Amino acid sequence: MTKAQFQVFPSPEAVAGAVASHIGGVVRTRPQTVLGLATGKTFVPIYEALVRLSGETGLSFAEASSFNLDEYVGLAPDHPASFRRYMEDNFFRHVDLPAERALLPEAGGDAEAACLAYEAAIAARGGIDVQLLGIGRNGHIGFNEPGSAFDGRTQVARLTPSTIAANTSDFPAGELPPPEAITMGIGTILDAREIVLVATGAAKAEALTRAFVALPDRDCPASALQQHAHVTVFCDEAAFAGMGRPA
Ligand code: GLP
């Protein structure tokens, strides 16, 4: 049985406000917080709410650090669909988080070396305090696709056809997502002291049920979160709809 706490809201906007205020509270209490950040459509309104909160209340990230979950292999940082670009556009350039402490995996050169360097950089900061996570329709977290080991570290992952299809709309017309990405492993994610998973929309209902109602299973990477002692799921009613039913 999962120890995860669920917070259910009527709309994605309400979810975004609640996640922003939770993260704001964490950073206010501990300005040196090490954040684990996520990308994806789910997080666009969340960063918007966090930027608004920062502007309205003076919430500062000047002493914080961040590590993103993942980055596509082979995309230039300024490619319109790179996660670096996403983070710059949606969050980094609107807040005072120092650029040298806002890290994503370096997916442009020697990928294996970049994976080791990323793990070392996280450890050197003392580990991640709060990891934000979305969930793929197939239950992936970061780019840890079904079948990934629950103790995996930062690695090069191959995207499944369903993930490539789900993310194609983020790319310019006629361009497909790269087949590989560097992602924190599930073991890296589970090392975070707190995990905040966000799911909105009916398309995520089945993944949420498989992650938290069924027994942990490598076929659903997010089900590894059942092993973690401090997980909060922020979701809307549409994503929550299947919970309580057997997976
Ligand atoms: C992407 C990312 C994940 C994200 C997921 C869902 O592939 N690697 O970190 O959680 O897909 O994204 P979305 O929020 O767009 O549904």
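For the single chain, residues carry numbers from 1 onward in sequence order. Predicted model, so just to flag it, every value in this text is computed and none were measured.
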Assess whether side-chain hydrogen bond (donor to acceptor under 3.5 Å, both in side chains) is satisfied between Thr232 and Gln7, documenting all intermediate values.
-> CA-CA 7 Å; Thr232 310; Gln7 295 208 23; 5.6 Å; no
Using the side-chain contact (heavy atoms from CB on, under 4.5 Å) rule, take Phe92 and Phe61 through it: C-alpha gap first, then chi angles, then the decisive distance, then the call.
-> CA-CA 10 Å; Phe92 294 155; Phe61 295 89; over 6 Å; no
Check step by step if side-chain hydrogen bond (donor to acceptor under 3.5 Å, both in side chains) holds for Gln155 and Thr183.
-> CA-CA 6 Å; Gln155 62 197 274; Thr183 182; over 6 Å; no
Would you please test Ile189 and Asn144 for side-chain contact (heavy atoms from CB on, under 4.5 Å) and show each step?
-> CA-CA 10 Å; Ile189 292 168; Asn144 295 283; 3.9 Å; yes
Step-by-step salt bridge (Lys or Arg N to Asp or Glu O under 4.0 Å) determination, Arg52 to Glu56 | CA-CA 6 Å; Arg52 196 178 324 118; Glu56 286 171 2; 5.0 Å; no
Val233 and Gln5: side-chain contact (heavy atoms from CB on, under 4.5 Å), yes or no, with the steps?
-> CA-CA 6 Å; Val233 180; Gln5 303 287 314; over 6 Å; no
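In plain terms, the two heavy atoms of Arg153 and Thr188 that are nearest each other are CA-OG1, 3.3 Å. Nearest heavy atoms, Pro98 versus Ala64: CD-O, 4.1 Å. Residues Gly136 and Ala207 approach most closely at O-CB, 3.5 Å, considering heavy atoms. Taking both residues in full, the closest heavy atoms of Ser65 and Arg125 are given as OG-CD, 3.1 Å, listed atom of the first, atom of the second, then distance. Taking both residues in full, the closest heavy atoms of Ala14 and Pro10 are given as CB-CD, 4.2 Å, listed atom of the first, atom of the second, then distance. Across all their heavy atoms, Pro177 and Ile164 have their closest contact at CG-O, 3.6 Å.
Identified under the ring pair (Phe, Tyr, Trp, His ring centres under 6.0 Å) test for residues 152-184, with sequence neighbours left out: Tyr72-Phe171, His79-Phe171. Here salt bridge (Lys or Arg N to Asp or Glu O under 4.0 Å) pairs that include residues 127-143, with residues two or more places apart or in two chains, are Arg30-Asp129, Asp129-Arg193. Every pair tested for ring pair (Phe, Tyr, Trp, His ring centres under 6.0 Å) that includes a residue from residues 183-206 fails, sequence neighbours excluded, so the list is empty. Listed by first then second residue, pairs satisfying ring pair (Phe, Tyr, Trp, His ring centres under 6.0 Å) with a partner in residues 7-35 read His22-Phe234, not counting sequence neighbours.
In this structure, the side chain of Thr163 does not engage the main chain of Leu159 through any donor-acceptor pair within 3.5 Å. Listed for the Ser223 side chain is no donor-acceptor partner under 3.5 Å among the backbone atoms of Pro216. Under the 3.5 Å distance criterion, the side-chain polar atoms of Glu145 are matched with a main-chain donor or acceptor of Thr160. Not a single donor-acceptor pair under 3.5 Å links the side chain of Ser54 to the backbone N or O of Val95. Between the side chain of Gln226 and the backbone N or O of Ala211, at least one donor-acceptor pair lies under 3.5 Å. With hydrogens and angles disregarded, a donor-acceptor distance shorter than 3.5 Å links the side chain of Asp236 to the backbone of Ala239.
Atom NE2 of residue His228 and atom CG of residue Leu197 lie 12.0 Å apart, to the nearest 0.5 angstrom. Between atom CG of residue Leu59 and atom CD1 of residue Ile23 there is a gap of 10.5 Å, rounded to the nearest 0.5 Å. Distance check: Arg101 CZ to Gln32 CD gives 9.0 Å after rounding to the nearest 0.5 Å. The distance from the OH atom of Tyr86 to the CG atom of Asn68 is 9.0 Å, given to the nearest 0.5 Å. Distance CZ/Arg210 to CG/Asp219: 6.5 Å, rounded to 0.5 Å.
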Which atom pairs, one a donor and one an acceptor, fall under 3.5 Å between side chains of residues 43-51 and the rest of the protein, sequence neighbours left out?
residue: Tyr47; atom: OH; partner: Ala38; partner atom: N; Å: 3.3
residue: Tyr47; atom: OH; partner: Ala38; partner atom: O; Å: 2.6

Only distances under 3.5 Å count here; give the side-chain donor-acceptor pairs of residues 105-113 to other protein atoms, sequence neighbours excluded, each with its distance to 0.1 Å.
residue: Asp110; atom: OD1; partner: Glu112; partner atom: N; Å: 3.2
residue: Asp110; atom: OD1; partner: Ala113; partner atom: N; Å: 3.1

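Not counting sequence neighbours, the partners of Asp96 by the side-chain hydrogen bond (donor to acceptor under 3.5 Å, both in side chains) test are Ser60. Contacts of Arg158 classified as side-chain hydrogen bond (donor to acceptor under 3.5 Å, both in side chains), with partners at least two apart in sequence or in another chain: Glu180. Residues that satisfy the side-chain hydrogen bond (donor to acceptor under 3.5 Å, both in side chains) test with Glu206, not counting sequence neighbours, are absent from this structure. When the side-chain hydrogen bond (donor to acceptor under 3.5 Å, both in side chains) test is applied to Arg85, the partners found at least two apart in sequence or on another chain are Asp89. Residues satisfying the salt bridge (charged side-chain N to carboxylate O under 4.0 Å, His left out) criterion with Asp70, sequence neighbours excluded, are absent altogether.
Through ILVMFWY side-chain contacts below 4.5 Å, Leu116 is grouped with nothing and stands alone.
Classification of Lys41 and Asp170 as a salt-bridged pair holds, one side-chain N sitting under 4.0 Å from a carboxylate O.
Put simply, the side chain of Pro172 reaches to within 4.5 Å of the side chain of Pro80, judged on heavy atoms. No side-chain heavy atom of Pro178 sits less than 4.5 Å from a side-chain heavy atom of Val73. Met184 places none of its side-chain heavy atoms less than 4.5 Å from the side chain of Ile141. Side chains of His230 and Ile195 form no contact here, defined as non-hydrogen atoms less than 4.5 Å apart. Contact annotation: the side chain of Ser66 never approaches that of Leu103 to less than 4.5 Å [non-hydrogen atoms, C-beta and beyond]. You'll find the side chain of Leu208 reaches within 4.5 Å of the side chain of Cys235, heavy atoms only. Within the 4.5 Å cutoff, the side chain of Ser148 has no heavy atoms near those of the Arg218 side chain. Contact check for Val231 versus Leu133: no side-chain heavy atoms found under the 4.5 Å cut-off.
If you chain together hydrophobic residues whose side chains sit under 4.5 Å apart, Leu37 and Val27 fall into the same group. Hydrophobic clustering, with ILVMFWY side chains joined whenever heavy atoms are under 4.5 angstrom apart, keeps Val130 apart from Ile135. Linking Ile, Leu, Val, Met, Phe, Trp and Tyr residues whenever their side-chain heavy atoms come within less than 4.5 Å leaves Leu69 and Val196 in two separate clusters. Linking ILVMFWY side-chain heavy atoms closer than 4.5 Å, directly or via other members, places Phe6 and Val15 in two distinct hydrophobic clusters. Clustering ILVMFWY residues whenever any of their side-chain heavy atoms sit less than 4.5 angstrom apart, transitively, puts Ile122 in a cluster other than the one holding Leu35.
Ring geometry for His140 against Phe143 counts as tilted: the plane angle lies between 30° and 60°, on a 0 to 90° scale.
Around CD of Glu100, the count of heavy atoms belonging to other residues, nucleotides or ligands within 6.0 Å exceeds 12.
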